[in-house]
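Some notes on the structure that comes next.
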Amino acid sequence: MNRFLKLVGLIAVCLFAGASYASDAAKEKRWSDQIVDALMDGEAEYLKAGDQEFLAIYTEAADSPPKGGVILMHGIGVHPDWPQIVGPLRTGLPQRGWATLSLQMPILPNEADVSDYLPLMDEVAPRIDAGVAFLKAQGIDDIVLVGHSLGASMALRYLEQPRDAIQGLVVIGLAKDGELNPAVTLEVVSTPVLDLYGSEDQKDTLETAPERKAAAKSDTYTQKEVKGANHFFDGKEVELVEAVDVWGSAL
């Protein structure tokens, strides 16, 4: 009941304020200011999703023309230059010929849990669409989505509907969180998927791996476990970047 009331409260606040989104805009602004001031690699870009402006970081490929573009979607409550997962991919993949665009996904206050993010799911597609449009404006048509944890669930939900602009999806540390059941979604996703996780990943990710594999379309789905990697691939960043690059390059 408490969780239900919390969700209702979040929705009510947004309606009362007349907002078209529920993400914590003040927190996004704080993240953005901190990131832009300290950004060493890549360029800050401000994209529009409806009436909301949000931060993205674009990093050009070392090769010209690039292999393609990778849209990065971080996990719960963090930002597009987070030092775990998104940071290594954002800067590592360009050295292997990919342009990367790391998006600020909708976020909530630190105390929020996954269930609190469900009302924000409608904000996800416009942000990804804005990222796709940006990459296409750079002349990049081959686009792969890469999401970590909650970002992986968001990316998977986005691909429930056919998206011709997306050639592949990499989900990292995917888990079943309440109503977010990846096995159900994988049954309808036709886009090629790499389900990447570590042997030391979180319990739910490991326990549901067979269920995800059984549910997915067998001809477009690959599951890969990286030995010794935890949920954030700490100390396994090279293996993380290599796995995404090798799979994406074979599409």
Side-chain angles (χ1 to χ4, degrees), residues 3-4 6-33 35 44-58 69-82 85-86 90 100-136 143-163 165-166 169-172 174-175 177-182 184-185 188-189 191:
R3 179 170 289 179
F4 173 76
K6 189 187 293 185
L7 289 172
V8 170
L10 281 169
I11 296 169
V13 167
C14 297
L15 291 175
F16 180 77
S20 59
Y21 51 87
S23 183
D24 188 335
K27 185 175 181 180
E28 286 199 34
K29 178 64 165 59
R30 292 194 300 273
W31 279 135
S32 176
D33 292 343
I35 292 166
E45 302 287 346
Y46 291 93
L47 308 183
K48 293 291 289 290
D51 295 331
Q52 187 180 18
E53 186 176 77
F54 66 97
L55 175 67
I57 305 173
Y58 178 61
V70 171
I71 294 177
L72 296 169
M73 301 170 62
H74 61 73
I76 189 168
V78 297
H79 60 61
D81 196 32
W82 198 254
I85 301 291
V86 290
R90 187 182 76 73
T100 62
L101 184 68
S102 187
L103 305 182
Q104 177 64 64
M105 301 312 296
I107 52 173
L108 291 173
N110 293 341
E111 63 271 17
D113 60 25
V114 171
S115 65
D116 297 324
Y117 275 79
L118 293 177
L120 274 64
M121 284 297 174
D122 288 343
E123 297 182 41
V124 171
R127 295 199 185 202
I128 299 175
D129 289 342
V132 169
F134 177 86
L135 289 178
K136 286 187 174 294
I143 299 172
V144 175
L145 284 185
V146 178
H148 174 240
S149 199
L150 181 60
S153 295
M154 289 177 169
L156 197 59
R157 178 73 66 89
Y158 176 76
L159 290 173
E160 285 181 338
Q161 299 180 28
R163 311 279 185 175
I166 306 300
L169 167 66
V170 181
V171 290
I172 304 168
L174 189 61
D177 293 303
E179 295 181 30
L180 300 175
N181 186 346
V184 173
T185 308
V188 300
V189 170
T191 304

Have S32 and Y46 got a donor and an acceptor in their side chains that come within less than 3.5 Å? yes

Note, I35 side chain near P80 side chain (heavy atom, < 4.5 Å): yes

Pairwise side-chain contact, H79 with I57, heavy-atom cut-off 4.5 Å (strictly under): no

Applying the side-chain contact (heavy atoms from CB on, under 4.5 Å) criterion to V146, which one of V171, V86, V70, L169 satisfies it? V70

Restricting to non-hydrogen atoms, name the atom on G75 and the atom on S149 that form the minimum distance, rounded to 0.1 Å. CA-CB, 4.4 Å

Mind checking whether L55 and W31 have side chains closer than 4.5 Å, heavy atoms only? no

Any chance you could measure I85, atom CD1, to S102, atom OG, to the nearest 0.5 Å? 12.0 Å

Are the side chain of Q104 and the backbone of V78 linked by a donor-acceptor contact shorter than 3.5 Å? yes

Is there a donor-acceptor contact under 3.5 Å from the side chain of Y117 to the main chain of L108? yes

For residues K27 and P109, report the shortest heavy-atom separation together with the two atoms involved. NZ-C, 4.0 Å

Measure the CE-CG distance between M154 and L145 for me, rounded to the nearest 0.5 Å. 13.0 Å

d(I128 CD1, Y158 OH) to nearest 0.5 Å is 5.5 Å

Is the shortest side-chain heavy-atom distance between Y58 and T100 below 4.5 Å? no

Mind listing the closest non-hydrogen atom pair of I71 and G131 along with its distance? CD1-C, 3.8 Å

Measure from the side-chain N and O atoms of R127 to the backbone N and O of A49, and report whether any donor-acceptor pair falls under 3.5 Å. no

Flag the pair H148 / M73 as yes when at least one side-chain heavy-atom distance between them is below 4.5 Å, and no otherwise. no

Roughly how far apart are I76 CD1 and I107 CD1, rounded to 0.5 Å? 10.5 Å

S23 and E28: side chain donor to acceptor below 3.5 Å: yes

Got a second to check how far T185's OG1 is from L174's CG, nearest 0.5 Å? 8.5 Å

L47 to A56 - nearest heavy-atom pair and separation: CD1-CB, 3.9 Å

Beyond-backbone contact of V189 with L156, side-chain heavy atoms, under 4.5 angstrom: yes

What one should report as the nearest heavy-atom pair of P106 and L120 is CB-CD2, 3.4 Å

Looking at CG of L159 and OG1 of T191, how far apart are the two atoms once the value is rounded to the nearest 0.5 Å? 4.5 Å

Between D129 and V132 (side chain of the first, backbone of the second, donor and acceptor by atom type, cut-off under 3.5 Å), is there such a pair? no

Hey, does I166 have a side-chain heavy atom less than 4.5 Å from the side chain of V144? no

K136 atom NZ, neighbour heavy-atom count above 12 within 6.0 Å: yes

Spell out, as yes or no, whether a donor-acceptor pair under 3.5 Å connects the side chain of D33 to the backbone of R30. no

Minimum side-chain heavy-atom gap L72-L101 below 4.5 Å: no

Determine the minimum heavy-atom distance between A152 and G147, stating which atoms define it. CB-O, 3.3 Å

